There are 2 protein chains.
Amino acid sequence: MCRTRAVLDIVGDKWALLVVRMLKDGPLRFTELKRAVDGISQRMLTVTLRDLERDGLLTRTVHAVMPPHVSYELTPMGRTLREAAAPLLEWSVRHMPQIDAARAAYDERG
Amino acid sequence: MCRTRAVLDIVGDKWALLVVRMLKDGPLRFTELKRAVDGISQRMLTVTLRDLERDGLLTRTVHAVMPPHVSYELTPMGRTLREAAAPLLEWSVRHMPQIDAARAAYDERG
DNA sequence: CAGTATCCTGGCCGATACTG
DNA sequence: CAGTATCGGCCAGGATACTG
C-alpha cells in the first residue's frame, strides 16, 4: 500500500503547513502563532502544535518565568519540511485569483 | 486576512494531492484512478475529481462509447500545481521512517 | 500567558443500493 | 464503466469556561 497517505495525514494538514510556515524565521510563542495563523482556534493550535512536536518537527520550550513563556521552534527535520512545503504555499498564493475565476465560471455554467 | 487558507482547503487536501500526483503521466480513467489512489472510496474520488474540475485543475472528458469511458487530465494550471506539490510528496516518502521513530519515542516518554 | 476541560454540532466520509 | 442517491455514525473542531 502507498504509505504516503499516512504521512500526508500529518503533513498535508492545512493548519500544520501554515504553522510550519510561520516558524520559518525563528521561534514564536503560542499567542504570536495564534495571531499569525489567521482563523485558527486555540484548541486547534494546541492540537496542531502537539502533533508537530510528537512527529519531531518542532520543539516546545518552557521558560520558567512569570507570566509563562513557551516558545516553539522548528527542528532540523522541521526546516526541511518547511522547505519542501514552500513551493505549494507559494503556488497557493499565486494561483488564488485563477482558482476563484475557474470556480465562478464553473458555478455559472452549473 | 491570509487567504492562503482558502486555497489550502482545496490544495492541502490529502486526496486531491494524491489524485494530482497520479495524473502526472497523462490522463487516467475513473477506475484507474480508484485503483491507483490506494484506499480512496468511490464517493471521495467522485467528490475530489469534481472539486478539482471546478477549480480548473483538471478536465473531465466523456467519450461517447459503450461501455462509458471518461478520462481525467491535468490542465496547464493543474500541471503547475503538481510540480509545486512534488517536493512535499517526495519529502513525505523520504521522512516517513524518521517520523515514525520520533512518534514512537514521544509516545514512549508520554 | 498558555494552556486544559467540556460540551456540542455540522459535515465528512464510508457503506450500500441503484442507473444510463 | 462511471457514476448518483441516500442514510447514518463519528469525529473534527468551534465556543466557552476555567487554571497554574
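What you are looking at is a predicted structure, and each value in this text was computed from that prediction instead of being measured. Quick note: numbers below take in every heavy atom, side chains included, and nothing from hydrogens, waters or symmetry partners.
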The answer to which of B:Met44 and A:Thr31 contacts DNA chain C further toward the 5' end, by nearest nucleotide, is A:Thr31
Under-4.0 Å side-chain N/O to phosphate OP1/OP2 contact, [X] with [N]:
X	N	value
B:Thr46	D:dG3	no
A:Tyr72	C:dC1	no
A:Ser41	D:dG13	no
B:Arg50	D:dT4	yes
A:Arg43	C:dG3	no
B:Arg29	D:dA2	yes

Does any N or O in the side chain of [X] come within less than 3.5 Å of the main-chain N or O of [Y], such that one atom is a donor and the other an acceptor?
X	Y	value
A:Arg79	A:Leu74	yes
A:Asp13	A:Trp15	yes
A:Glu32	A:Arg29	yes
A:Lys14	B:Arg5	no
B:Ser92	A:Leu8	no
B:Thr75	B:Gly56	yes

In whole angstroms, how far is the [atom2] atom of [N] from the [atom1] atom of [X]?
X	N	atom1	atom2	value
B:Asp13	C:dG11	CG	P	17 Å
A:Lys14	D:dG14	NZ	P	8 Å
B:Met66	C:dG20	CE	P	11 Å
B:Arg60	D:dC1	CZ	P	16 Å
B:Asp38	C:dG14	CG	P	12 Å
A:Glu53	C:dA2	CD	C1'	14 Å
A:Arg35	C:dC1	CZ	C1'	12 Å
A:Leu45	C:dA5	CG	C1'	17 Å

Rounded to 10°, the angle between the first-five-pair and last-five-pair axes of the helix from C:dC1-D:dG20 to C:dG20-D:dC1 is 60°
Would the base of D:dG3 count as contacting B:Gln42 through its side chain, where contact means a donor and an acceptor less than 3.5 Å apart? yes
If you draw a 6.0 Å radius around CD in B:Glu90, do more than 12 non-hydrogen atoms from other residues or ligands fall strictly inside? no
